[in-house]
Structures are given as structure tokens and as C-alpha cells.
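The next block holds one structure in the form of C-alpha cells; read it before the comments.
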Number of protein chains: 2
Amino acid sequence: MEQRRADSIRQTLEQLIITGAFADGERLDEIRLAERFSVSRTPLREAFQTLAASGLLELVPRRGAYVRHPGIIELVEMFEVMAELEGMCGRLAARRLTDDGLAQINGAAEECEKALSDGDTDAYYRENERFHNLLYDASGNTFLASEARKLQRRLQPFRRMQLHVRGRMKQSMGEHRAIISALEEGDAQMAETELRGHIAIQGEKFNDLMAQYNRSKMRKAV
Amino acid sequence: MEQRRADSIRQTLEQLIITGAFADGERLDEIRLAERFSVSRTPLREAFQTLAASGLLELVPRRGAYVRHPGIIELVEMFEVMAELEGMCGRLAARRLTDDGLAQINGAAEECEKALSDGDTDAYYRENERFHNLLYDASGNTFLASEARKLQRRLQPFRRMQLHVRGRMKQSMGEHRAIISALEEGDAQMAETELRGHIAIQGEKFNDLMAQYNRSKMRKAV
DNA sequence: GTCAAGTTTATTGTATACAAATACCACTGT
DNA sequence: ACAGTGGTATTTGTATACAATAAACTTGAC
């Protein structure tokens, strides 16, 4: 399926915004951006609409498009919701998971283990993402899975940051094991609790991280 | 704050789609719609982008915009997620609710009571919506509240339909009382359970409703 | 020197023009 | 009769032109 220019612009801009290439509150100049992407303003503005819908931009009528990075408060709120969604995925997955699905999840977890012993943060992040995505699908609720993925994408750089905290990768791996064990036993309550905690810990401890947070550090971590 | 044409088109189209003015899978003709709204294709297409982002349209490259009504399965999935979000709102609200917030919620509930005794379904729907919106805010998590509102809007006509089922309005009111009582006692667990059930019941029993569901009936109910 | 009003400039919002791709349809050949 | 082909018409995607509004600047009065 071929893609419109507007779509590729959207993807590119989304990644640029999420990874912090633009400062919070910065106004995106339509003409300059259009030149930069070698397109006219029309597809660019269509991309703006989509990005605004997902909260990455704020479109102020007659004033322009402003990038909106979540503040610390909104970030904690988003983690709180993410924890709930993942917990829900775990609860449902524990009841609905197939043998094949479990095998795939186990596979992703094993890749995580390998990345951990290699000390390869990038690989761990990648396989961790796969682990969670498989779990979303295992919930058997495609709408839930899609919402979870949407939110995961927005939290992406912040989840990634945390892996660089000393010991976090190992701790995360331990939590994965507990999640899998709950899934294997079909313990919905346990799966929910473990997953919620697995995400909530990231939100709750965020203030610590933010204390030493600044733009350049974040970009490096990403 | 004045509004762009694209915004008002988006609102109008959203309402038209949600209330079922277009059939599922129907292609929206840009030119005809532009004429109908007395605008050019440009603002219309910008509105399309936003509507596609919220799942109301599917934009197929080079083929057009197709309205996408949730099927019965997706609908049940959405109710399942809505139940979780509302339950979460209840849990948080029980811990964070202020006296003033509780008073407002009580106020909305009283209006519901009045609508119930008057047999006024429209008024009940309106005040019920206010009741739930106050609850979202009471969660103290603005991101959660905004997500809950988004999903509520999409489920709007289906929630509304249910009020026309014999006895549902009275039953709903009883659930509201239980929710308030849990909030008053600060019982987070109870508030979550009650609210989740309050929404889940709508999703779970949906198959019954759908058995006799058809387009014209739905439009009448809305 | 500062503030205010008016004018200029820049920027957003919308309409139109054009390009590119798809759908439609008649026609031909088997 | 039917599949395939070519050509036309329709429709989407993008560029550009124009209109409307807000920002920036100039000028003038106090």
C-alpha cells in the first residue's frame, strides 16, 4: 500500500516531536517546514490535524501549531492510565491466552533475558516493546490493544530513559518473569497486579528521574 | 475563541456519523460534501484527518474516506475499556474527592432522580452525562478524564439506546446511588467495582439489544 | 521617551488549479 | 458471451493563489 506524502510527513514529525527535536511550546512554521520536507503547506497541514488529534500538537486558531510536550504532571497521569490499561490486558490475557500466544510471549521474554546478559539496552528496549505488544494482542480485545499501543508510543522516550537507570533493566526482567508465571497459571488477578505494578513503578518514580532531567540528557538516552 | 470552518465541519460530521446519518462503509464524496457545507475541499479534508484519527473514518489512500461504524464485537470491546476507565475514575475519585466535588455529583444525581420520576428520558440522559463527567474530573487525572470523555462520546448513541429499555433507567439510578455511597465512604474498591459494573452491564447485555437492532430504530432512539 | 493609533508585513485559513491515479465504459478479439 | 484493452471521466492528492486575521513596525502626539 503506497503512502501519501501527508502520511510520511506525519510519521516523521511524530517521531521528531516525541524524541524531543522540538522544544515544548515551540511554534511550527508551516512555510519553513514545508520547504524542509519539500512539499506544499497542504499535506503538512493535514498532518498537523492528525498530530493535534493525538495530543502532540495544539492548534490555536489563526495563531499556529504549537508542540505540546507532556509536563511532569501529565506524564504521571499518562503512566497511571497506562498502568491501568496494561493491567487490564494482563487480566484478560490470563483468561484468554492460547498456547501459541504464550509461546510467543515467552520467546520475547527470552530475547529480553539475552539482551540483559549482553547489557544491550537497545535490544532490551526493542524486545521489551515486543513483549508488551504481544500482551496487548493476547488480551483478545483489539480496541484495547490499539489504545494501549497509542499510549505506549507517546510514552516511548520516557520508558526508554528509565532503562538507563542503574539496575532498572534487571528489575524489569524480574517483573516480566512474574507476569509470565501469572499468565501460565491463568491467574488473572495476579497478572493484572503484576502488570499494573510493572508500569506504575515507572510513573511513580518519575519525579526522581525528572530531578536530573534535561533536554540534552533525554535526547542522548533516546 | 472563534472557530475555523474545518472545526465546525468536524463537529457536524462527527455528530452525523455517530448518530448514524451515514451507513457503515459508505464513502464520503469530498465534492458533494463540500457543496453541502458550502466550503471547498480543503477544510473538509482537514476535518477528515481528525475524524480518521478518532476512528470514525477510514482513509484509504487514493480511494477515499469511508465511515466506519463499530461492529458488535468492537462495540463490546469499547464498553469493556469504558468500564475499566470509569472504574478507575471511581477508584481515584473515592480517594481524592473534595466536599465540593461530592456536592456537585450529588446535585447531578438528584437531577437524574427528578428526570426518572418524570419519565423524561432525554433529561435523564443529559444529567447522567453530567454525573459521569463530574466523576471523570473528580478522578484528579485530567488525562484520564479526557480519554474517558472521548470514548464516552463515541459510545453516546449506544448508551442512549439502552435507556429506552424497560426498567433500565430505574436500574441505572440505583447504581448511581451505590456509586455515591461508595464515594461518600471513601471506599475506593467499592467505587471501582460499582462503576465498572455500571458500565459493563451495558456492554454485556448488548447482544440482546442488537438482536432487535436496526438502523431506523437506532436513529429514532437517538 | 513612551504610548497609541494606523499602516505594513507576515502568517494562517480557504479556494482554486493542476497532476496523478483510479474507476468506468465502450470496443475488440477470441 | 466474455475477458482483455484502450481511452475517457471521475476522484484523490498536491501546489498555488487569494483572503482574512494577527503580529510587527512606523509614525505622531503628549
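Per chain, numbering begins at 1; letters A, B, ... match sequence-line order.
I73(B) CD1: 12 or fewer foreign heavy atoms inside a 6.0 Å radius.
Take the nearest nucleotide of DNA chain D for D29(B) and for S38(A): the residue whose nucleotide is more 5' is D29(B). Comparing T42(A) and G64(A), the nucleotide of DNA chain C nearest to each residue sits closer to the 5' end for G64(A).
If you take CD1 of I31(B) and P of dA9(D), they are 15 Å apart, rounded to a whole angstrom. Summarising the geometry, the separation between OH on Y66(A) and P on dT12(C) is reported as 8 Å, rounded to the nearest angstrom. Going from atom CZ of R5(B) over to atom C1' of dT12(C) covers 14 Å, rounded to whole Å. Nucleotide dA23(C) holds its P atom 10 Å from the CZ atom of R27(B), rounded to whole Å. Straight-line distance from the CZ atom of F48(B) to the C1' atom of dG13(D): 13 Å, rounded to whole Å. We find that CG of L33(B) is positioned 19 Å from P of dT10(D), with the value rounded to whole Å. As a whole-Å value, the separation of E35(B) CD from dT14(C) P is 18 Å. Atom CZ in R62(A) sits roughly 11 Å away from atom P in dT12(C) (whole-Å rounding).
Closest to the side chain of A6(A), out of dT14(D), dT11(D), dG13(C), is dT14(D). Considering only side-chain atoms of P43(B), the nucleotide from dA15(C), dG13(C), dT14(D) that sits closest is dA15(C).
Between the side chain of Q162(A) and the main chain of Q202(A), a donor-acceptor pair closer than 3.5 Å is present.
For the OP1/OP2 pair of dA23(C) and a distance below 4.0 Å, the side-chain nitrogens and oxygens of R63(B) include at least one atom meeting the criterion. Considering only side-chain N and O atoms, R45(A) lies nowhere under 4.0 angstrom from the phosphate OP1 or OP2 of dT14(D). Distances shown here put every side-chain N or O of R41(B) at or beyond 4.0 Å from the OP1 or OP2 atom of dA15(C). For dA15(C), the OP1/OP2 oxygens have a side-chain nitrogen or oxygen of S40(B) closer than 4.0 Å.
Looking at heavy atoms from C-beta onward, E46(A) lies out of side-chain contact with I9(A) at the 4.5 angstrom threshold.
H132(A) and E86(A) share a side-chain donor-acceptor pair at under 3.5 Å. Judged by distance alone, the side chains of Y124(A) and S172(A) do bring a donor and an acceptor atom under 3.5 Å apart.
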